[in-house]
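Inspection log for the structure reproduced underneath, given as structure tokens.
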Amino acid sequence: MARPVGNSIGGEIMHVCALVLLGILVLFPVYWMAVIALTPTGFSRSLAGIVPERITFENFVMLFSERPMLRWIGNSIFVAATSSFLSLAFGASCGYVLSRIKFRGSGLVLILVLATQMMPATSIVVPLYILFRDFGLLDTMQGMVLGHISLVAPLAIWMSKGFFDSIPADLEGAARIDGCSRLSAYWHVTLPLALPGLAAIFIYGFVTSWHDFLFAKTLINSQSLWTAATGISSFRGEYFTLHELQMAAALVFALPVIIVFLIMQRRIVSGALAGSVR
Amino acid sequence: MQTAENNKREGDRRAGKGARITTFLTEGGGFLLIMLLPALLVLGFVIGLPMLKALALSLDSINFRRPAAAGTFGLHNYEKLIFDAQVWNAVWRSALYMGGTVIGSIVLALSAALLTRRIVHFRALARLTFLIPWTVPAVVTALVWGVMYEGNFGVINRLIEPLPFINGTDWLINRETALPALILAQVWNEFPVAYIFFLAGLHSIPEELYEAARIDRASAFNQFRYITLPQLSSITAVIVILLMIMGFKSFPIIFILTGGGPAGATETMTVLTYNTAFRKLDFSYAATLGILAVFISLAMVLVYLRVMKRAERGAGGAV
């Protein structure tokens, strides 16, 4: 194994120091979030040291006892699971066709899918708001799920096309010779093979929806239908900001994603490269 | 089954003709239809219809503050757009924001990638460290940086207190520092994307190049200058455009931290569109701004596709 560019011991030490320093800088905001979340309520203003003198979990207890945190998280889970499942269900078949069959306009469909994924959500949410107002979908979970599908579906199509591209078409060919129709070859041969990839796409969709703030903020009004993202951001400036509580909530909100990421790191990174986008 | 066999061999055109409904649906054109139809219907409803609605809105005068104006159709919103300094300032601010995030992310990501590239111990841990910010939701990123930027007791002011020449300020309320402060938060949140690409790019550079350079006693800097940088150029182009698109789309960080303020100093296209619709309640003009944003991002996507294609050829499929 080649050594780092400089071969001297001094170079080695500098390399490691630089790495550690950069790592500390990058992780500091996460550390600071944890420090404030663990600080007793009302103390963050007088917090003296970078290392907390006293830690407490009272902010977390307060979060779940005095705020509808569980409800918001439940809403987030429901919306994220439903919208990513639906997006995956039809996104996979669409991605499959785009991967296997060249038909007139397939290139255009791909570009459109990518373009919708890359355009700012503020462009969609304004007309969607007006449409949902007319359809009576504002401030409903159905509307929220539909809104998130517009966020997740292009991603699901684009990524599943990538995964199907990596599965050899020969396997379907073999099934077809045995008398399978195209549809059953897709259903019985290709889909099971793509399952790990589809699972990764589901998680991607879930995280995308979990992270969404814009749709949750504009399409939903009632506090009981808020997602965690809207709930947490609302702590800012009601009367004055309760930083300890807010950071505790932020931690609760960010932690599941971080944990999933730690477990599935490899798959998620390769998925990111395949889909090239978040 | 016999028909199925025939259709399979003879292609799509025949499928519709003699075949029974079931084979039509599982083969050829019918197959295409049932595979694509659900997706097309849903996308049509959640994306196509809103885009059409945006077009219709942009030609109308829907403003909830002035309901009487509704129904006045014409190109007036587009005319207004052309001469609206606020809009072009927002486009300019979006460009600054994009430029700032691109430069910041690339410097940070490339340093991190070069540092983690060849370490032997704790390799996975080191990589994980630089990927963590990416998993933090933008909302949370905004909140954390907001707490750190606070003027009175924010940790950033406390940390720089002992340093000479830098004075603490209320970073998000100060007109000069607000936009850079937002950019820094965005860089922190999204540089891992560039980091992943750079790692992939670094690994696709043939080791022989470095061995040859070492034999020639090239310095570390020259190896970087004459091997690493040129070899990374095509992947860097992909990263730049990807980061530009991400920066252009960015909403929660700006909206939560400053909402476009102080006095419009951080009002990017996304925030201006949002504020026009949901604060000024001028939905028609907001839709027009949304359409402008779509065109801008479409242009970037087309460039992205072109560069991506070239990069794939250049890097030999390392991406």
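As a basis for the values below, the full set of heavy atoms in this structure was taken, side chains included, without hydrogen atoms, waters or symmetry mates.
Contact annotation for B/Val46: both backbone and side-chain heavy atoms come within less than 4.5 Å of a heavy atom of chain A. For a residue to count as touching a neighbouring chain, one of its non-hydrogen atoms must lie under 4.5 Å from one of that chain's; by this rule A/Leu86 does not touch chain B. Both the backbone and the side chain of B/Thr116 have a heavy atom closer than 4.5 Å to some heavy atom of chain A. In this structure, no portion of B/Phe224 lies under 4.5 Å from any heavy atom of chain A. Contacts between B/Val42 and chain A at a heavy-atom distance below 4.5 Å involve the side chain alone, from C-beta outward. Within the 4.5 angstrom heavy-atom criterion, only side-chain atoms of B/Leu305, from C-beta onward, approach chain A. Only the side chain of A/Arg133 has a heavy atom closer than 4.5 Å to any heavy atom of chain B. Both the backbone and the side chain of A/Ala18 come within less than 4.5 Å of a heavy atom of chain B. Interface remark: A/Ser87 contributes no atoms to any contact with chain B (heavy atom separation under 4.5 Å). At a 4.5 Å heavy-atom cutoff, B/Tyr195 makes no contact with chain A through either its backbone or its side chain.
Listed options A/Leu128, A/Leu151, A/Ile124 were ranked by heavy-atom pairs under 4.5 angstrom with chain B; first place goes to A/Ile124. For the set A/Phe132, A/Phe28, A/Trp210, the entry with the most heavy-atom pairs within less than 4.5 Å of chain B is A/Phe28.
The distance from atom CG of A/Leu183 to atom CD1 of B/Ile34, rounded to the nearest 0.5 Å, is 4.5 Å. Between A/Ser150 atom OG and B/Met51 atom CE the span is 10.5 Å, to the nearest 0.5 Å. Between the CD atom in B/Glu150 and the NE2 atom in A/His243 there is a gap of 4.5 Å [rounded to 0.5 Å]. Going from atom CG of A/Leu114 over to atom CG of B/Leu302 covers 9.5 Å, rounded to the nearest 0.5 Å. Expressed to the nearest 0.5 Å, how far CG of B/Leu131 lies from CG of A/Leu262 amounts to 10.0 Å. In this structure, CG on B/Leu41 lies 9.5 Å from CZ on A/Phe90, to the nearest 0.5 angstrom.
Between B/Pro137 and A/Ile232, every side-chain heavy-atom pair lies at or beyond the 4.5 Å cut-off. Within the 4.5 Å cutoff, the side chain of B/Val139 has no heavy atoms near those of the A/His211 side chain. At a threshold of 4.5 Å between non-hydrogen side-chain atoms, the residues A/Met247 and B/Leu143 count as touching. Residues A/Val26 and B/Ile132 are not in side-chain contact: their nearest non-hydrogen atoms beyond the backbone lie 4.5 Å or more apart. Taking 4.5 Å as the limit, every side-chain heavy atom of B/Leu43 sits out of range of all side-chain heavy atoms of A/Leu112. B/Phe45 is not listed as a side-chain neighbour of A/Ile149, based on a closest heavy-atom distance of 4.5 Å or more. Inter-residue side-chain proximity for B/Pro133 and A/Pro29 is flagged as unmet; no heavy-atom pair is nearer than 4.5 Å.
Around CZ of B/Phe295, the count of heavy atoms belonging to other residues, nucleotides or ligands within 6.0 Å does not exceed 12. More than 12 non-hydrogen atoms from other residues, nucleotides or ligands lie less than 6.0 angstrom from CE of A/Met264.
Although no hydrogens or angles enter the test, the distance criterion places no donor-acceptor pair under 3.5 Å between the side chain of B/Lys53 and the main chain of A/Tyr129. A donor-acceptor pair under 3.5 Å is absent between the side-chain atoms of B/Thr135 and the main chain of A/Ile258, judged by distance alone.
When each of B/Phe251, B/Phe255, B/Phe278 is tested with A/Thr122 by the rule side chain to side chain contact (heavy atoms under 4.5 Å, CB included), just one qualifies, namely B/Phe251.
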